[in-house]
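All remarks here apply to the structure that follows.
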Amino acid sequence: MSNNLTPVVNSLTRLSNAALWLAGTGLVLMTVFVAWQVFCRYVLNDSPSWTEPGSVMLMSWFIFLGAAVGIRENNHLGFDVLLYVLPKSGKRVLRMISDVVILAFGAGMVWYGGALMSLTWNTTLPSLGISGAFDYLPLAGGGVLAVIFSLERIVLRLAGEPIDDALDEILPAEIAVEIENINADPNVKLKV
């Protein structure tokens, strides 16, 4: 990697790790909130009002933070059947298009999440006692990270960094051919 990009990539790695840790912490806290709600409802017969909306808000955070980290690590959903038959240059173009679409989607999340936050800023969530804008903060925050991480992928690809090489090393079609070749050898029996 070029020396000019290394500090930025290292900073984004720290940001990604922090987002992943926050998402994991949110998942654990949500589990604790739900367990507390069940305990209070069925054992104490007095369910607290804050546990369900608090759990839903935490779920929003860990979903959007985890999705952003998935974008950075190229674990987001994709339909990559076409990539298996294209040459490397074609794969690069399609992956670039995918990253640009993700960038646009993330920008939409920021824009519309911000609009929803401004519409609900003066309302109060009665069970939590906080502004209604906090319901949409995870949408905008996840969108910011999606924009940053997809932009990172675009910049690295344009700089000539081999960010897609690991994806091109093992392809399911090649694995299938290798299994057929192994099965064709009378000295080797492979059970699949």
Side-chain angles (χ1 to χ4, degrees), residues 5 7-80 94-157 163:
L5 295 174
V8 174
V9 170
N10 289 341
S11 296
L12 291 177
T13 299
R14 286 191 293 278
L15 178 63
S16 175
N17 289 339
L20 195 57
W21 274 97
L22 282 172
T25 302
L27 178 60
V28 170
L29 278 175
M30 185 194 79
T31 304
V32 169
F33 286 6
V34 170
W36 179 248
Q37 181 180 21
V38 169
F39 175 79
C40 288
R41 179 179 294 159
Y42 293 109
V43 175
L44 303 178
N45 203 23
D46 183 25
S47 183
S49 62
W50 59 268
T51 53
E52 185 177 346
S55 296
V56 170
M57 191 173 293
L58 284 171
M59 184 172 62
S60 297
W61 272 111
F62 74 73
I63 287 172
F64 287 116
L65 291 175
V69 172
I71 289 168
R72 183 166 197 269
E73 296 179 2
N74 202 33
N75 290 330
H76 54 84
L77 293 176
F79 185 71
D80 44 347
L94 286 182
R95 287 184 177 129
M96 183 66 85
I97 291 170
S98 174
D99 287 336
V100 169
V101 169
I102 291 169
L103 177 86
F105 190 81
M109 289 170 59
V110 172
W111 178 264
Y112 290 108
L116 289 168
M117 286 173 57
S118 69
L119 286 174
T120 58
W121 190 260
N122 293 324
T123 63
T124 301
L125 300 173
S127 56
L128 296 175
I130 59 176
S131 170
F134 284 97
D135 265 344
Y136 302 105
L137 185 59
L139 176 65
V144 167
L145 289 178
V147 167
I148 290 170
F149 293 149
S150 59
L151 190 59
E152 174 195 23
R153 293 182 57 76
I154 292 168
V155 168
L156 288 174
R157 195 174 287 114
I163 63 171

Please table the atom pairs, donor to acceptor, closer than 3.5 Å between any side-chain atom in residues 42-63 and protein atoms at least two apart or in another chain.
from: Thr51; atom 1: OG1; to: Pro48; atom 2: O; distance (Å): 3.3
from: Ser55; atom 1: OG; to: Thr51; atom 2: O; distance (Å): 2.7
from: Ser60; atom 1: OG; to: Val56; atom 2: O; distance (Å): 3.2

Between side-chain atoms of residues 123-146 and protein atoms elsewhere (two or more places apart, or another chain), which donor-acceptor pairs fall under 3.5 Å?
from: Thr123; atom 1: OG1; to: Thr120; atom 2: O; distance (Å): 2.7
from: Ser131; atom 1: OG; to: Trp121; atom 2: O; distance (Å): 2.8
from: Ser131; atom 1: OG; to: Ala133; atom 2: N; distance (Å): 3.1

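- With sequence neighbours left out, Leu22 forms a side chain to side chain contact (heavy atoms under 4.5 Å, CB included) with Leu65.
- Once rounded to the nearest 0.5 Å, the distance linking CG of Leu103 with CD1 of Ile71 reads 9.5 Å.
- Aromatic ring centres of Trp36 and Phe33: separated by at least 6.0 Å.
- For Arg41, the salt bridge (Lys or Arg N to Asp or Glu O under 4.0 Å) test picks out no residue, with sequence neighbours left out.
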Give every donor-acceptor pair under 3.5 Å between a side-chain atom in residues 24-31 and any protein atom, sequence neighbours left out.
from: Thr25; atom 1: OG1; to: Trp21; atom 2: O; distance (Å): 2.8
from: Thr31; atom 1: OG1; to: Leu27; atom 2: O; distance (Å): 2.9

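- Ile154 contributes atom CD1, which lies 6.0 Å from atom CG of Leu151 (distance to the nearest 0.5 angstrom).
- In this structure, Phe105 has no ring pair (Phe, Tyr, Trp, His ring centres under 6.0 Å) partners at least two apart in sequence or on a different chain.
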Only distances under 3.5 Å count here; give the side-chain donor-acceptor pairs of residues 9-17 to other protein atoms, sequence neighbours excluded, each with its distance to 0.1 Å.
from: Asn10; atom 1: ND2; to: Thr6; atom 2: O; distance (Å): 3.3
from: Ser11; atom 1: OG; to: Pro7; atom 2: O; distance (Å): 3.0
from: Ser11; atom 1: OG; to: Arg14; atom 2: NH2; distance (Å): 3.3
from: Thr13; atom 1: OG1; to: Val9; atom 2: O; distance (Å): 2.9
from: Thr13; atom 1: OG1; to: Arg72; atom 2: NH1; distance (Å): 3.4
from: Thr13; atom 1: OG1; to: Arg72; atom 2: NH2; distance (Å): 3.0
from: Asn17; atom 1: ND2; to: Thr13; atom 2: O; distance (Å): 3.4

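- For residues 97-110, every residue pair satisfying the salt bridge (charged side-chain N to carboxylate O under 4.0 Å, His left out) rule, not counting sequence neighbours, is listed here: Asp99-Arg153, Asp99-Arg157.
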